*Asks:* 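My questions all concern the structure below.
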Amino acid sequence: MRSLGRWVLWVLLAGVALQLVFLGRIALMAVVDPQSTAFQRSEAWRIAVQSATDPKADWRWRQRWVPGEQISPHLKRAVIASEDAGFASHGGVEWEAIQGAWQKNERRQQIAEQRAARNPNRPVREPKIVGGSTITQQLAKNLLLSGERQLWRKGQELVLALMLEALLSKERILEIYLNSVEWGEGVFGAEAAAQRYFGKPASRLSAYEAARLAVMLPSPKFFETRQGSAYLARRTGTIVARMGAVALP
């Protein structure tokens with residue numbers, strides 16, 4: 001029993017130590033721009049391996065950090081309108097959105113199980129998981145965590161989101177997010193995305209161009225190869241209409 005107690009104590013101490021490491025790294029980001037994120041490093045490794053094993057693979061990596069003032073206000077408004085309308089006012093986590101996403105995922109899982117029961121010999125697609133994440137949560141996940149969908153990782157994401165909100169300003173969170181988020185295969189950050197899709201710096205994006213980039217964010221690799229998508233054009237118009245009501249932090 002004592003041995004078990006010591007193991008539990010060591011696990012708790014290791015957990016506390018990990019949180020302190022995360023806390024220190026986030027505090028440093030108040031003054032130092034992060035050179036890369038956990039997700040970027042994972043993607044870089046995947047692309048490198050793919051290029052080494054597939055002669056036809058096209059190795060490419062586009063990213064260039066720019067200060068927040070060199071990113072068009074249109075893009076800031078578009079991303080907030082598309083990804084997280086309450087960004088300026090919430091504390092990093094939208095608990096009602098998480099609850100709603102949880103309920104939606106449960107309903108989708110029940111429907112999938114019912115279909116499987118009706119047709120036991122027919123393969124059933126896994127239901128799409130809805131996240132309900134804020135911009136701060138997305139940044140927490142991309143910066144410091146793996147892409148695995150596990151309950152403990154979601155809990156750690158929430159803790160990190162609260163740390164980010166406590167230690168960084170909203171402007172800084174948005175600046176880091178826009179400089180690190182994925183916008184296509186090996187395309188990271190607003191500057192790289194603006195050059196990739198419109199041949200101009202992020203500071204000169206128009207409202208329509210900014211909205212189009214914002215709409216790509218949930219599935220950037222998908223929309224990278226479907227720039228003529230009717231959904232992309234329709235959704236872009238919706239975001240442009242919403243941008244005027246967005247207040248920047």
Side-chain angles (χ1 to χ4, degrees), residues 37 39-40 42-44 46-47 50-51 54 56-64 66 71-87 94 97 100-101 104-105 107-108 111-112 115 123-135 137-139 141-142 147 149 174 177-246:
T37 69
F39 180 72
Q40 288 171 357
S42 174
E43 282 294 286
R46 181 188 63 79
I47 293 174
Q50 182 179 342
S51 298
D54 183 1
K56 296 182 180 180
D58 179 24
W59 165 267
R60 53 180 176 165
W61 189 268
R62 301 183 181 94
Q63 183 185 25
R64 177 169 162 261
V66 293
I71 298 176
S72 169
H74 292 311
L75 185 59
K76 296 174 183 178
R77 290 192 173 90
V79 168
I80 292 173
S82 180
E83 294 289 291
D84 184 6
F87 174 71
E94 289 274 37
K104 186 175 291 187
N105 290 333
R107 288 196 297 270
R108 291 184 176 184
I111 292 172
R115 288 175 177 171
V124 178
R125 288 191 306 174
E126 285 292 320
K128 182 180 178 181
I129 303 298
V130 178
S133 295
T134 64
I135 284 175
Q137 285 174 252
Q138 293 177 45
L139 178 60
K141 177 181 64 177
N142 291 338
R149 287 183 176 273
L174 188 59
Y177 177 84
L178 290 174
N179 272 290
S180 59
V181 72
E182 181 185 38
W183 255 298
E185 180 79 358
V187 181
F188 288 90
E191 184 68 18
Q195 295 289 353
R196 163 72 175 82
Y197 297 106
F198 302 110
K200 62 173 63 174
S203 60
R204 292 174 50 205
L205 288 170
S206 68
Y208 182 85
E209 292 165 344
R212 196 170 180 85
L213 288 180
V215 173
M216 292 178 63
L217 283 179
S219 304
K221 293 190 183 78
F222 178 85
F223 287 117
E224 181 181 25
T225 58
R226 294 168 175 82
Q227 288 295 293
S229 162
Y231 169 82
L232 190 61
R234 187 169 60 251
R235 178 67 177 166
T236 296
T238 300
I239 297 304
V240 169
R242 293 179 181 175
M243 286 165 57
V246 173

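This is a predicted model, so every value here is computed, not measured. In what follows, residues are counted from 1 in the order of the sequence shown.
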*Asks:* For L213, is there any backbone N or O sitting under 3.5 Å from a side-chain donor or acceptor partner on W183?
*Replies:* yes
*Asks:* To the nearest 0.5 Å, what is the distance between NE2 (H74) and CD1 (I239)?
*Replies:* 15.0 Å
*Asks:* What I'd like to find out is whether the side chain of P201 reaches to under 4.5 Å of the side chain of E191, using heavy atoms alone.
*Replies:* yes
*Asks:* Please check if the side chain of T225 supplies one atom and the backbone of F222 the other of a donor-acceptor pair under 3.5 Å.
*Replies:* yes
*Asks:* For the CD atom of Q63 and the CD atom of Q195, what is their distance to the nearest 0.5 Å?
*Replies:* 14.0 Å
*Asks:* Test: salt bridge (charged side-chain N to carboxylate O under 4.0 Å, His left out). Region: residues 207-231. Which pairs qualify, not counting sequence neighbours?
*Replies:* E43-K221, R60-E224, E182-K221, R196-E224, K200-E209
*Asks:* Any side-chain donor-acceptor pair under 3.5 Å between Y197 and Q227?
*Replies:* no
*Asks:* Where do G184 and P220 come nearest, in terms of heavy atoms and distance?
*Replies:* N-CB, 3.5 Å
*Asks:* Are R235 and F223 side-chain neighbours, meaning at least one heavy-atom pair lies under 4.5 Å?
*Replies:* no
*Asks:* What are the two closest heavy atoms between A214 and S82, and how far apart are they?
*Replies:* O-OG, 3.6 Å
*Asks:* Taking atom OH of Y177 and atom CD1 of I71, what is their separation to the nearest 0.5 Å?
*Replies:* 12.0 Å
*Asks:* Closest approach of N179 and R64, non-hydrogen atoms and distance?
*Replies:* OD1-O, 3.9 Å
*Asks:* To the closest 0.5 Å, what do you measure between OG1 (T236) and OH (Y231)?
*Replies:* 9.0 Å
*Asks:* Looking at every non-hydrogen atom in both residues, tell me the closest pair between A81 and V246 and how far apart they are.
*Replies:* CB-CG2, 3.8 Å
*Asks:* Carefully, step by step, assess I80 and L174 under the rule side chain to side chain contact (heavy atoms under 4.5 Å, CB included).
*Replies:* CA-CA 9 Å; I80 292 173; L174 188 59; 4.2 Å; yes
*Asks:* Is there a side-chain contact between S72 and R77 in this structure, where contact means two heavy atoms from C-beta onward sitting under 4.5 Å apart?
*Replies:* no
*Asks:* Does any N or O in the side chain of D84 come within less than 3.5 Å of the main-chain N or O of S133, such that one atom is a donor and the other an acceptor?
*Replies:* no
*Asks:* Nearest 0.5 Å please: distance from the NZ atom of K141 over to the OG1 atom of T37.
*Replies:* 11.0 Å
*Asks:* Does K76 reach the side chain of F87, with side-chain heavy atoms less than 4.5 Å apart?
*Replies:* no
